[in-house]
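For the numbers below, each heavy atom of this structure counts, side chains included, while hydrogens, waters and symmetry mates do not.
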Amino acid sequence: MKKIYLFALTIFALQQMTAQTTHTLTQSNSEPIINDTYDSDGIDTTNALPMNISGTNVTWNVTGIDNSGVINTINYVDPTSDANASNYPGTTIVQADVNATTYFKSSTNLYELLGVDAGMFLLNYNTNSAIVASYPITMGYVNNDLAAGAITANTLSGTFTSTIQTTADATGTLNLTSSIGNTSLTNCLRVKTTQLIDFSLAGGFITGTMDQTIYNYYNSSSKFPLFQVTYVNINAPAAGINNQRQDQVSKLSSVILGLNDSKNNDVIFKAYPNPANNEVSLHFVLTQTDSYSIEITNTLGQVVKSVSMKNLQPGVYNETINLSGLTAGMYNVKVSGNKVQGTEKLIIQ
């Protein structure tokens, strides 16, 4: 089985741009804000991915994929809470995950990358920042940018220059096929980012290149990328690195790979945050048209909250439920259709 592993160091961090609307990404709906958080699942795949397909109303059939078991939680925090943010002047928001800490600047209609700190590897765009997004972004969007700054790799330091191109190059349907079923993500906008970095370390003793291509798929069901594919190539002959390939495939944790009707008629969904405070969001995927209900019950079996959802079409859904008025404790959340249902425990604190 061919495995595509999570890239250990998120070198460029350009893939964290988010989206809210189907075919137009705007700053008000698409940019992360402080206290945003989401989970990304690593993916194993047995088949090649159809990333060469672009255009309008296209279909990407991604077959033979399964969760790898690697989950990365991405948090966006205030720069005042990060001790190193002062190294990246102008930072307005910090992205923190298991791989790296990344520093961004937001201004009117513009989102810029200022730096990436992955411990032994660091990029500081202190000469020229990298444009992540120049809003609005819709099908046919093209943005070319130049960036430059300081690089540190292990104990070696130097400089780098970079060229970046971001395009919204495709719209259509992404069909994910795994061992437990199928998931169809419709009305997707694909954003492609390519970046080439030329670097020089130790006074020019070590030179090389890093190039990365990122494909992000968005639709209106989520603020964050539903599916993401990243390809990286590194060359540094003097360091013994020749055509080193590192690939990453991941999806939003709320995207379930199929509705598992054959096992206890379960609806597979995710409730987050859990434990919750004032509200909880439920993410789930439906593969058939049906009407559904959501019920929250206490330990006595009493229904304390309920929501009805009529005639839902197949797709990815996000339903936020207000928990105000409920006391702290253990509850059950039940999602029910005419043919399927599922239950998950919920803690309110």
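We find the OG1-CG distance between T209 and N233 to be 8.0 Å, quoted to the nearest 0.5 Å. Between the OH atom of Y217 and the NZ atom of K192 there is a distance of 10.5 Å, given to the nearest 0.5 Å. Within the model, atoms CG of N277 and OG of S324 stand 12.0 Å from one another, a figure rounded to the nearest 0.5 Å. Here the OH-OG1 distance, from Y141 to T167, works out to 9.5 Å after rounding to the nearest 0.5 Å. Taking CZ of F224 as the reference point, atom OG of S40 lies at 11.0 Å (rounded to 0.5 Å). Note that CG of L226 is 10.0 Å distant from NZ of K251, once rounded to the nearest 0.5 Å.
Nearest heavy atoms, I164 versus A130: CD1-CB, 3.4 Å. V132 and T166 get closest at one heavy-atom pair: O-OG1, 4.4 Å. The shortest heavy-atom contact between D247 and V232 is OD1-N, 4.3 Å. Here the shortest heavy-atom pairing between M330 and T299 reads O-CG2, 3.5 Å. A pairwise comparison of heavy atoms in P237 and T207 identifies CD-O, 3.9 Å as the closest pair. The two atoms that bring P275 and Q349 nearest to each other are CB-OE1, 3.5 Å, heavy atoms only.
Inspection of the T73 and D39 side chains reveals an N or O donor paired with an N or O acceptor under 3.5 Å. S106 and E31 share a donor-acceptor pair across their side chains, judged by distance under 3.5 Å alone. Inspection of the D78 and T80 side chains reveals an N or O donor paired with an N or O acceptor under 3.5 Å. Checked by atom type, the side-chain pair N216/Q228 shows a donor-acceptor distance below 3.5 Å. Looking only at atom types and distance, the side chain of D82 has a donor-acceptor partner in the side chain of Y103 under 3.5 Å away. At a cut-off of 3.5 Å, with distance as the only test, no side-chain donor of Q248 or T230 sits close to an acceptor on the other residue.
Of the possible donor and acceptor atoms, one in the side chain of R190 sits under 3.5 Å from a partner among the backbone N and O of I53. Here the side chain of N124 pairs a donor or acceptor atom with the backbone of N87 at under 3.5 angstrom. A side-chain donor-acceptor contact under 3.5 Å links T37 to the backbone of I74. Distance alone, capped at 3.5 Å, is enough to place a donor-acceptor pair between the N128 side chain and the L146 backbone. The backbone N or O of L122 sits nowhere less than 3.5 Å from a side-chain atom of D117 that would complete a donor-acceptor pair. A side-chain donor-acceptor contact under 3.5 Å links D97 to the backbone of A100.
Residues Y88 and I197 do not share a hydrophobic cluster, clusters being chains of Ile/Leu/Val/Met/Phe/Trp/Tyr side chains in contact below 4.5 Å. A single hydrophobic cluster is not seen to contain both V94 and V116; linkage of ILVMFWY side chains at heavy-atom distances under 4.5 Å, directly or through other members, places them apart. Clustering ILVMFWY residues whenever any of their side-chain heavy atoms sit less than 4.5 angstrom apart, transitively, puts F121 in the very cluster that holds I241. No chain of hydrophobic side-chain contacts below 4.5 Å, direct or via other Ile, Leu, Val, Met, Phe, Trp or Tyr residues, connects I33 to L25. Under the 4.5 Å side-chain contact rule for hydrophobic residues, L114 and L123 do not share a cluster.
Residue I296 forms a side chain to side chain contact (heavy atoms under 4.5 Å, CB included) with just one option from V307, L323, N332, and that option is L323. For the pairing with Q165, the side-chain hydrogen bond (donor to acceptor under 3.5 Å, both in side chains) check across T194, T193, N144, T213 returns one residue only, N144.
Side-chain contact between K305 and E295 is absent, with no heavy atoms from C-beta onward closer than 4.5 Å. Side-chain atoms of F104 and P32, non-hydrogen and from C-beta on, never get closer than 4.5 Å to each other. Side-chain atoms of V333 and I294, non-hydrogen and from C-beta on, do get closer than 4.5 Å to each other. Counting heavy atoms from C-beta outward, S107 and E112 have side chains that approach closer than 4.5 Å. Side chains of Y331 and I348 form a contact here, defined as non-hydrogen atoms less than 4.5 Å apart. Between C188 and Y218, the closest side-chain pair of non-hydrogen atoms is not below 4.5 Å. Side-chain contact between I151 and S157 is absent, with no heavy atoms from C-beta onward closer than 4.5 Å. Proximity of L174 to V62: side-chain heavy atoms (C-beta onward) are separated by under 4.5 Å at one or more points.
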Discussion item. Apply side-chain hydrogen bond (donor to acceptor under 3.5 Å, both in side chains) to residues Q195 and S162 and explain how you reach the verdict.
Written reply: CA-CA 7 Å; Q195 181 177 28; S162 174; 2.9 Å; yes
Worksheet item: For N235 and N243, what are the C-alpha separation, side-chain angles and deciding distance, and is it a side-chain contact (heavy atoms from CB on, under 4.5 Å)?
Response: CA-CA 5 Å; N235 280 285; N243 297 314; 3.2 Å; yes
Practice prompt. Please step through side-chain contact (heavy atoms from CB on, under 4.5 Å) for the pair L156 and I206, ending with a clear verdict.
Written response: CA-CA 9 Å; L156 302 177; I206 296 177; 3.6 Å; yes
Worksheet item: What do the steps show when you test Y125 against L113 for side-chain contact (heavy atoms from CB on, under 4.5 Å), and what is the final call?
Response: CA-CA 7 Å; Y125 290 77; L113 173 64; 3.7 Å; yes
Practice prompt. Decide yes or no on side-chain contact (heavy atoms from CB on, under 4.5 Å) for Q212 and I214, but give the supporting numbers first.
Written response: CA-CA 7 Å; Q212 175 174 249; I214 307 159; 3.3 Å; yes
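A 6.0 Å sphere centred on CG of N242 holds more than 12 heavy atoms belonging to other residues, nucleotides or ligands.
Between Y231 and Y215, the ring-plane angle classifies as perpendicular under the 30° and 60° cut-offs.
The side-chain hydrogen bond (donor to acceptor under 3.5 Å, both in side chains) pairs that include a residue from residues 54-63 are N47-T63, N61-N175, where partners are two or more places apart or lie in different chains.
In this structure, F160 has its ring center no closer than 6.0 Å to that of F199.
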